[in-house]
> 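Dropping a structure here in structure tokens format, bear with me for questions.
Keep in mind that this is a model prediction, so the values were computed, not measured. Keep in mind that the numbers below use all heavy atoms, side chains included, and drop hydrogens, waters and symmetry copies. Numbering starts at 1 and runs along the sequence shown.
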Amino acid sequence: MIFALETSVNSKSGVSARCRSVDSNLRGRTLNRMHAKCSDSNEKTGMARRTFLGTALLTGGVLLARGSDVIFGAESSGSSNVATNPTWKLGGDLTVNRLGFGAMRVTGEGIWGWPADRGNALKVLKRAVELGVNLIDTADAYGPETSELLITEALYPYPNGLVIATKGGLTRPGPGEWVPDGRPEHVKQAVDGSLKRLRLERIDLYQLHSIDPKVRMEESLGAIKEMKDAGKIRHVGLSNVEPDEIERARKVVPIVSVQNRYNIEDRKSENALVYCEKNNLGFLPWFPIGGTRGLKHENALNAAAKAHGVSIFQVALAWLLERSPVMLPIPGTSSVAHLEENIAAAKLKLAPEEWKAINALAS
């Protein structure tokens, strides 16, 4: 993932923090194009989220009040969502609840520096774990470094079973700037830096944040393999890659996951998802809820939300969880209320006809 960006609203201003994102392949495209889409989507959907929040928390609150065992507990159902397939074994040995948390948004505005309300950011992280989240995704570029430091401050010493996934390979020269750096020496320094900030001896999942067009992918991954062989990394993942790049990467080091942009509206990474399904790799969609931009006011997404008395964002997450058993959404937010809303989506079951109608909304 470049970003686990979500359509959440800031608890004070009601407007999402703006950020710049990087194009999915970082090859000859601008670093700003996706940012424009993400920022625009977030601001346009802020009111929609608040409109649905009341009913969403009314229904989700019953589940949340009973604890994470209910949120992630298995039930007898023909549905393939998290209720019947609540966990995934990352790398074959790390059992994680399929609905995780992306820790990009706990940083300051523009994903730069410390958040305006540091105490609130710590509450969000702690609440995520209380709700049963045991997969938290971050990166050294978020802040930079701020997200990792907040995770440590909020959660260290870490509870048993918590998997912290981080990334390296993007640098932050300044606010709004995201510059790939896949040089082996930088990658090794990035791994050591994350270990120190997170107070870990070994990172459970370390992901190459982007492929640097100036450096052969094999060289970047070779450095990660060296760190893995040294015991500093348990499993390796990729972000923003095509199936052929995953194939190349697996010749250098075992790969257990892929993190690409994917949501109801944007399924350009469908081939990568199918590859992950065939090869038993976890798929972490960043920007998993999407902006619901361009969808008509009355559509299958809204219809399902009204039918279940939840928000369109919960329906979007439920759709993802039912899309594939390897899907591991990591929605992020800076609000405890929105976090609870997102996690409640783990119990939402869409009828087959609802899922198919929503599936047809792809652009």
Side-chain angles (χ1 to χ4, degrees), residues 1 4 67-103 128-129 131-138 151 155 158-167 198 200-208 221 224-225 227-229 231-239 241 243 246-247 249-250 252-260 262 269 272-286 288 317-331 342-343 345-347 349:
M1 166 189 85
S68 61
D69 58 324
V70 176
I71 294 297
F72 291 104
E75 294 181 354
S76 298
S77 169
S79 172
S80 62
N81 77 348
V82 80
T84 54
N85 185 22
T87 62
W88 172 261
K89 282 199 172 183
L90 195 61
D93 62 351
L94 292 177
T95 301
V96 296
N97 292 319
R98 287 179 57 210
L99 191 57
F101 177 74
V129 173
L131 294 173
V133 169
N134 66 347
L135 172 60
I136 295 179
D137 180 81
T138 185
I151 289 171
L155 303 175
Y158 304 118
N160 292 334
L162 179 64
V163 174
I164 299 176
T166 192
K167 299 176 292 296
L198 292 168
L200 292 171
E201 294 184 0
R202 180 175 65 175
I203 296 170
D204 280 332
L205 176 61
Y206 193 82
Q207 304 150 99
L208 182 62
L221 289 170
I224 291 178
K225 182 180 184 301
M227 302 302 265
K228 182 178 187 299
D229 292 342
K232 297 182 178 183
I233 295 172
R234 187 170 188 167
H235 294 302
V236 179
L238 301 172
S239 181
V241 288
I246 306 173
E247 279 286 320
R250 295 176 71 193
V252 179
V253 63
I255 300 297
V256 305
S257 65
V258 170
Q259 193 170 138
N260 281 12
Y262 189 91
S269 288
L273 172 58
V274 171
Y275 181 96
C276 289
E277 291 174 331
K278 291 181 179 179
N279 292 277
N280 206 37
L281 307 181
F283 186 87
L284 287 69
W286 63 269
L317 287 171
W319 178 85
L320 281 173
L321 290 167
E322 294 187 30
R323 166 61 186 85
S324 172
V326 308
M327 191 79 75
L328 309 174
I330 45 173
N342 288 339
I343 299 303
K347 293 294 291 181
K349 299 178 187 177

> State, with a plain yes or no, whether a side-chain heavy atom of Ser257 is found less than 4.5 Å away from one of Leu238.
no
> Answer whether the closest heavy-atom distance between the side chains of Asn97 and Leu328 falls below 4.5 Å.
no
> Taking all atoms of both residues into account, what is the closest heavy-atom pair of Leu273 and Met327, and its distance?
CD2-CE, 3.8 Å
> Between Lys232 and Arg202, is the side-chain contact (heavy atoms from CB on, under 4.5 Å) condition met? List the steps.
CA-CA 4 Å; Lys232 297 182 178 183; Arg202 180 175 65 175; 5.9 Å; no
> Treating Glu322 as the side-chain partner and Lys349 as the backbone partner, does any N or O pair qualify as donor plus acceptor under 3.5 Å?
no
> Closer than 4.0 angstrom, basic N to acidic O: yes or no for Arg323 and Glu277?
yes
> List the atom of Val129, the atom of Pro159, and the distance in Å for their closest heavy-atom pair.
CG1-CG, 3.9 Å
> State, with a plain yes or no, whether a side-chain heavy atom of Ile203 is found less than 4.5 Å away from one of Met227.
no
> Output the distance between atom OG1 (Thr87) and atom CZ (Arg98), rounded to the nearest 0.5 Å.
9.0 Å
> If the plane angle is over 60° it's perpendicular, under 30° parallel, otherwise tilted; pick one for Tyr262 and Trp319.
parallel
> Heavy atoms only: give me the nearest Trp88-Leu281 pair and the separation to one decimal.
CZ2-C, 4.0 Å
> So do Tyr158 and Leu200 actually touch side chain to side chain, heavy atoms under 4.5 Å?
yes
> Any sub-3.5 Å donor-acceptor pair from Lys167's side-chain atoms to Thr138's backbone N or O?
yes
> Find out whether Asp93 and His235 are in side-chain contact, i.e. whether some heavy atom of one side chain is under 4.5 Å from a heavy atom of the other.
yes
> Side chains of Asn342 and Leu317: closer than 4.5 Å at any heavy-atom pair?
yes
> For the side chain of Asn134 and the backbone of Thr95, is there at least one donor-acceptor N/O pair under 3.5 Å apart?
yes
> Check side-chain contact (heavy atoms from CB on, under 4.5 Å) between Lys225 and all other residues, then give those that pass, not counting sequence neighbours.
Asp229, Val253
> Taking the side chain as everything from C-beta on, heavy atoms only, tell me whether Ile343 gets closer than 4.5 Å to Val133.
yes
> Please answer whether the main-chain N or O of Ala103 pairs with a side-chain N or O of Asp137 as donor and acceptor at a distance below 3.5 Å.
no
> Please enumerate all residues that pass side-chain hydrogen bond (donor to acceptor under 3.5 Å, both in side chains) together with Asn279, with sequence neighbours excluded.
Arg250
